[in-house]
Amino acid sequence: MNSLFSKWTSSVSKHSLLLVLSTLLPTSGVNHPVIAAERVYTSYSGLELSISVATLEVYAKTGFVNEELAIYQQYLPQKQFQELRQMLYTPVKVSPVVLSQFLYTSQGEFLLRRLGEVIQSKSIETEPELNALRSALVLAASEPEGLTLLNLLRKYPTNGIYINLAQSLTIASELQKIVNKTHQAIAVVTNKSNLEASSIHNTKGLSQLPDLANHGKIAAQKHTLRFFDSARHRLLLTDVYLPRIKKTAPVIVISHGLGSDSSNFQYLATHLASHGFAVVVPNHPSSDAKQARGVSQQANEVITPEEFQDRPLDIKYVLNQLEISNQSDGQFKGRLNLQEVGVFGQSLGGYTALVLAGGKINFEQLQQDCKPEKLNKTWNMSLLFQCRALGLKNKSLLDSLQDKRVKAAIAVNPITSSIFGKSGINQIKVPVMLIGSSEDTIAPALYEQILPFSWLASSQKYLAMLVGGTHFTTIGNSHPSSKQVPLSPDLVGDAVQAHRYMNILSLPFFQTYVAKNAEYAPYLSAAYAKTISSHSLGLSIVKSLTSTELAQGLGTEPNTISPQY
């Protein structure tokens with residue numbers, strides 16, 4: 001059992017994909033079981049072993065080792081035995097209703113099946129295993145202390161629960177390999193960043209540069225516009241932050257991720273506008289927070305195939321409408337430079353930014369990676385999202401997703417490995433910055449940002465790593481006006497520092513490659529990143545990292561790093 005839950009504290013309690021994604025989805029009810037597990041069974045070297053849940057509960061709450069538990073204490077190293085107590089009662093705070101809804105999606109059922117390989121009913125039950133496990137997870141989350149391993153055992157709706165020790169060892173080994181590879185990849189990026197920083201001879205002047213985290217002196221006015229694309233039946237409520245300057249303002253578009261809306265990046269929009277950019281933030285209608293919390297369609301997928309083309313088309317439509325307004329509307333007339341546009345996107349918005357910048361959907365790669373026998377073994381959960389693109393019906397639209405007005409793109413925590421693959425992402429020719437987070441379990445940094453960065457053909461490219469960040473750190477716990485479900489501090493991380501980094505990185509990048517102000521280039525260096533990196537959330541930047549360098553750091557051969565892991 002210790003092997004099965006060896007990652008409970010480090011992976012589940014912080015940022016389990018199962019629990020994180022549940023915050024994006026609507027609600028549903030659950031049934032309470034009339035019985036609960038009383039004993040936990042497993043087998044070892046041909047012997048069947050068992051222990052009562054009551055014994056584990058006493059140990060978790062008091063540390064007392066009774067005679068039953070003492071039998072097993074002698075077989076476990078003291079450190080692991082002590083960790084067992086911590087794992088039993090370490091809580092994960094998550095709403096039981098949103099968790100329940102997630103567990104009815106294909107992604108949720110995928111995870112249930114993986115857990116079901118390990119946690120099984122001891123006796124034959126009329127209730128299917130997935131339903132039993134689903135019910136136990138949701139009911140455990142309903143407890144005042146939150147979802148814990150102990151609560152999961154107590155709420156399992158059978159008299160006995162069997163732990164498949166052999167399978168738990170296999171899964172623990174797989175997870176350990178993932179953790180090790182990720183740490184190795186982060187170390188490769190950090191070492192390369194240190195080398196790049198050491199190659200800059202005059203670093204004293206970097207500390208004297210103005211702090212770009214500070215708001216600029218330009219006042220800006222926010223306009224909320226209502227666009228309706230009748231051809232696609234999509235209402236696009238769009239916030240436009242217009243700086244009060246006399247000259248034409250370069251335009252930056254921000255594309256939010258699933259389960260969020262335009263308010264999540266209000267901090268960045270106001271910051272860029274205060275420095276003279278016109279910032280456009282559309283609300284993608286089918287995946288904003290309000291839609292994600294709806295109750296009408298319980299078993300809907302988290303993402304539809306059409307979303308992969310609708311999102312970039314949303315941006316193109318908004319830019320087209322703004323071009324019309326820029327010619328005739330009094331409040332915008334002549335104030336927007338819509339031929340020099342930058343795009344910033346997070347998560348699915350990061351994918352959107354890369355498509356607009358020239359990335360091509362790679363159906364050949366998707367067909368290769370999305371075979372059931374491969375998906376059933378992967379722990380890269382982002383592939384479940386990327387594989388949805390195979391359901392796109394009108395593939396003729398895909399060649400028109402790039403927007404030539406886009407001159408530079410920043411993609412934060414994007415999904416990339418299969419939706420683009422090497423041949424799709426190296427079609428991007430404009431300057432690109434990829435930003436990854438070391439603790440991201442939704443779009444794992446190694447496979448979705450670090451490896452794809454090595455595929456980029458553009459010479460003007462940057463990879464920034466937030467060491468200690470999660471998939472939600474740059475989003476934060478939402479603006480008060482957002483409908484986003486609140487996230488726990490463990491899931492968010494140091495959002496204040498992440499917001500600071502996004503402001504500091506985005507401003508010089510867009511100043512350099514959209515506004516064409518070359519004096520901002522020193523900010524886009526490994527040496528400068530070292531001067532602003534914090535202990536709570538580290539920052540490393542590299543301008544170059546080849547697939548060979550990455551493979552050497554991971555102790556493997558080039559072209560053998562697979563997003564399937």
Side-chain angles (χ1 to χ4, degrees), residues 17 21 106-107 110 255-258 284 286-287 301-316 343 345-372 374-375 378-403 406 409-430 432 434-436 440-458 461 463 471 547 561-565:
L17 178 63
L21 290 184
S106 61
Q107 290 79 15
F110 170 84
S255 177
H256 62 77
L258 281 170
H284 297 289
S286 63
S287 60
E301 300 292 343
V302 175
I303 180 174
T304 64
E306 290 71 29
E307 201 72 6
F308 289 100
Q309 63 188 25
D310 276 333
R311 279 176 156 256
L313 290 176
D314 288 346
I315 304 299
K316 292 167 72 74
V343 181
Q346 191 271 340
S347 192
L348 191 56
Y351 153 83
T352 304
L354 295 175
V355 168
L356 290 165
K360 301 293 184 183
I361 295 180
N362 188 336
F363 287 101
E364 182 178 350
Q365 187 70 50
L366 285 170
Q367 289 170 349
Q368 177 180 326
D369 293 340
C370 298
K371 295 177 181 178
K374 289 188 175 183
L375 285 180
T378 187
W379 286 104
N380 182 352
M381 299 302 295
S382 76
L383 290 178
L384 295 175
F385 292 90
Q386 296 178 61
C387 291
R388 296 288 294 158
L390 284 173
L392 279 168
K393 297 177 181 178
N394 190 1
K395 294 182 175 61
S396 62
L397 289 175
L398 301 180
D399 290 334
S400 62
L401 295 183
Q402 180 182 3
D403 196 312
V406 173
I410 295 177
V412 184
N413 312 121
I415 53 174
T416 62
S417 60
S418 291
I419 191 74
F420 295 123
K422 184 175 182 179
S423 64
I425 204 167
N426 68 17
Q427 296 298 310
I428 300 173
K429 307 303 181 184
V430 302
V432 173
L434 298 184
I435 301 177
D440 188 344
T441 58
I442 295 177
L446 170 56
Y447 302 97
E448 303 304 322
Q449 293 97 49
I450 299 176
L451 179 60
F453 175 77
S454 71
W455 296 337
L456 283 167
S458 172
K461 61 179 182 178
L463 173 66
H471 194 77
S547 298
I561 308 172
S562 169
Q564 298 287 337
Y565 63 81

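Just the heavy atoms: all of them, side chains too, but no hydrogens, waters or symmetry mates, feed the values below. One is the number of the first residue; the rest follow in order along the sequence. None of these values were measured; they are calculated from a predicted model.
Between Val355 and Ile419 the shortest side-chain heavy-atom distance does not fall below 4.5 Å. Residues Leu392 and Ile361 have side chains in contact (heavy-atom distance under 4.5 Å, counting atoms from C-beta outward). With contacts defined as side-chain heavy-atom distances shorter than 4.5 Å, the pair Leu434/Leu456 qualifies. A 4.5 Å side-chain heavy-atom check between Ile428 and Ser458 finds every atom pair outside the cut-off. Side-chain atoms of Leu398 and Phe363, non-hydrogen and from C-beta on, do get closer than 4.5 Å to each other. At least one side-chain heavy atom of Leu375 sits less than 4.5 Å from a side-chain heavy atom of Leu383. Contact check for Met381 versus Thr441: no side-chain heavy atoms found under the 4.5 Å cut-off. The shortest distance between side-chain heavy atoms of Pro414 and Gln449 falls below 4.5 Å.
The two residues Ala353 and Gly345 come nearest to each other via the heavy atoms CB-N, 4.1 Å. Across Ile435 and Ile410, no two heavy atoms sit closer than the pair CD1-CG2, 3.8 Å. Contact record, Leu356 with Leu401: CD2-O, 3.5 Å, taken as the closest heavy-atom pair. Taking every heavy atom of both residues into account, Ser347 and Gly257 meet most closely at CB-CA, 4.3 Å. When every heavy atom of Thr416 is checked against every heavy atom of Gln386, the shortest pair comes out as C-OE1, 3.7 Å. Shortest non-hydrogen contact noted between Trp455 and Ser547 is CD1-OG, 3.9 Å.
Checked by atom type and distance alone, the side chain of Lys374 pairs as donor or acceptor with a backbone atom of Gln368 at under 3.5 Å. Arg311 places no side-chain N or O within 3.5 Å of a backbone atom of Thr352 that could act as its donor or acceptor partner. No side-chain donor-acceptor contact under 3.5 Å links Lys429 to the backbone of Gly358. The main-chain N or O of Ser417 is found under 3.5 Å from a side-chain atom of Glu448 such that the two form a donor-acceptor pair. Remark: side-chain polar atoms of Gln427 are not paired, donor with acceptor, to backbone N or O of Ala457 under 3.5 angstrom.
Partners of Phe308 under the ring-ring contact (aromatic ring centres under 6.0 Å, His included) rule, at least two apart in sequence or in another chain, are Tyr351. Glu306 meets the side chain to side chain contact (heavy atoms under 4.5 Å, CB included) test with Thr304, Asp310; sequence neighbours excluded.
Side chain to side chain, His284 and Asp314 meet the donor-acceptor criterion of an N or O pair below 3.5 Å. Between the side chains of Ser418 and Gln365, no donor N or O sits under 3.5 Å from an acceptor N or O.
Rounded to the nearest 0.5 Å, atoms CD1 (Ile442) and CG (Leu348) are 11.5 Å apart. For the atom pair CG (Leu390) and SG (Cys370), the distance works out to 5.0 Å, reported to the nearest 0.5 Å.
Within 6.0 Å of NZ in Lys316 there are more than 12 heavy atoms belonging to other residues, nucleotides or ligands.
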#### Entry: Intermediate values then yes/no, side chain to side chain contact (heavy atoms under 4.5 Å, CB included), Ile315 and Asp403
CA-CA 9 Å; Ile315 304 299; Asp403 196 312; 5.9 Å; no

